[in-house]
*Asks:* 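Before anything else, here's the structure in question.
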Number of protein chains: 2
Amino acid sequence: MTAVASPVALCGALADDTRWEILRRLGEQPLSASELAQRLPVTRQAIARHLGVLHEVGLVEPAKEGRQLRYRALGQPLTQLARDLENIGQAWEQRLDRLRAIAEERAHP
Amino acid sequence: MTAVASPVALCGALADDTRWEILRRLGEQPLSASELAQRLPVTRQAIARHLGVLHEVGLVEPAKEGRQLRYRALGQPLTQLARDLENIGQAWEQRLDRLRAIAEERAHP
DNA sequence: GCGAACTGCAACTGAAAGGTTGCGCTTAAC
DNA sequence: GTTAAGCGCAACCTTTCAGTTGCAGTTCGC
């Protein structure tokens with residue numbers, strides 16, 4: 001939670017349409033589970049569980065406001081994940097280029 | 001498959017430890033399902049299904065070599081996803097900064 | 001203080017997903 | 001031509017997960 005979650009855990013949290021919809025709303029405006037349930041076609045309890053999943057990977061943060069608990073979306077884990085994926089993807093592409101060069105060399109020696 | 005898969009679909013494919021392990025191996029060297037099964041503690045059929053999932057989101061590409069079918073990891077969908085996540089995360093952070101500024105203004109008018 | 005709104009916990013259901021075993025088909029090797 | 005290696009398909013099992021309903025505990029408003 002405080003430390004950034006692993007890429008696989010983050011991807012797991014992001015592998016659900018309802019959670020993306022929740023994050024989209026929270027990205028615009030902090031909302032509570034009840035308020036989200038009014039806007040989405042699922043029950044408050046389902047939303048609360050999704051918020052728990054998102055909170056465990058640090059994508060969301062609760063803040064008490066009076067008697068209700070509003071959540072906001074945090075971009076830091078997302079940008080961190082973006083950097084990791086960028087590096088991995090580029091490494092694969094470089095390896096592919098090397099393989100292509102070898103194949104080219106073998107075809108036209 | 002040819003068009004880049006949606007972020008949620010990509011994250012779904014990346015939300016599994018075995019698939020990450022497969023991708024890690026394929027990032028180093030093209031391998032077939034049978035060859036991967038020799039290196040990982042799961043059956044060839046399980047690997048084949050994982051490869052199917054990865055292929056559907058464009059993270060992997062098959063190439064026939066003789067009578068075997070070797071797969072290689074493709075970095076392009078990953079870098080594309082990285083850019084999307086980067087943008088979304090930055091948008092959330094900007095919104096958070098705005099909210100903090102408003103709160104600050106309200107605290108010290 | 002009382003009631004209403006908000007949250008949290010627990011049990012249940014249905015569907016999806018990872019994994020296995022078994023079988024049949026193709027294809028290279030000898 | 002026969003054989004063995006490699007791949008694909010289908011059925012089955014088990015676990016996980018999204019979603020629901022129901023109920024108990026809190027906290028603000030009047």
*Asks:* Please report the distance, rounded to the nearest Å, between NE2 in A/His55 and C1' in C/dT7.
*Replies:* 15 Å
*Asks:* What nucleic acid atoms does A/Arg70 come within less than 4.0 Å of, heavy atoms only: base, sugar-phosphate, or nothing?
*Replies:* nothing
*Asks:* Can you measure from CG (B/Leu81) to SG (A/Cys11) and round to the nearest 0.5 angstrom?
*Replies:* 7.0 Å
*Asks:* Could you work out which one of C/dT7, C/dG19, D/dA10 sits closest to the side chain of A/Leu69?
*Replies:* C/dT7
*Asks:* Looking at A/Ser32, does any N or O in its side chain come under 4.0 Å of the phosphate oxygens OP1/OP2 on C/dT7?
*Replies:* yes
*Asks:* What integer distance in Å separates A/Lys64:NZ from D/dT26:P?
*Replies:* 12 Å
*Asks:* Round to a whole Å and report the spacing from CD of A/Gln45 to P of D/dG25.
*Replies:* 17 Å
*Asks:* Just N and O in the side chain of B/Arg44: are any of them under 4.0 Å from OP1 or OP2 of C/dG19?
*Replies:* no
*Asks:* Of the candidate nucleotides C/dT7, D/dA18, C/dG19, which contains the atom at the shortest distance from the side chain of A/Gln68?
*Replies:* C/dT7
*Asks:* Write down the distance between CG (A/Asp17) and C1' (D/dG19), rounded to a whole number of angstrom.
*Replies:* 15 Å
*Asks:* Any side-chain donor-acceptor pair under 3.5 Å between B/Gln94 and B/Gln90?
*Replies:* no
*Asks:* So does A/Arg49 reach the base of C/dG8 with its side chain, donor to acceptor, closer than 3.5 Å?
*Replies:* no
*Asks:* Has A/His50 got a side-chain N or O lying under 4.0 Å from the OP1 or OP2 atom of D/dC17?
*Replies:* no
*Asks:* Is there a path of hydrophobic side-chain contacts, each under 4.5 Å between heavy atoms of I, L, V, M, F, W or Y residues, that connects A/Leu96 with B/Leu23?
*Replies:* no
*Asks:* Could you state the OH-P distance from A/Tyr71 to C/dC6, rounded to the nearest angstrom?
*Replies:* 15 Å
*Asks:* Atom CG of A/Asp16 and atom CH2 of A/Trp20: how far apart are they, to the nearest 0.5 Å?
*Replies:* 11.0 Å
*Asks:* Could you state the atom-to-atom distance from CZ of B/Arg19 to C1' of C/dA17 in whole Å?
*Replies:* 9 Å
*Asks:* How many Å lie between CG on B/Leu36 and P on D/dG6, as a whole number?
*Replies:* 13 Å
*Asks:* Over how many whole Å does the gap from A/Arg67 atom CZ to C/dG3 atom C1' extend?
*Replies:* 10 Å
*Asks:* With rounding to the nearest 0.5 angstrom, report the CG to CD1 distance, A/Leu36 to A/Ile47.
*Replies:* 5.0 Å
*Asks:* Check whether any side-chain nitrogen or oxygen of A/Thr43 sits under 4.0 Å from OP1 or OP2 of D/dT21, and answer yes or no.
*Replies:* no
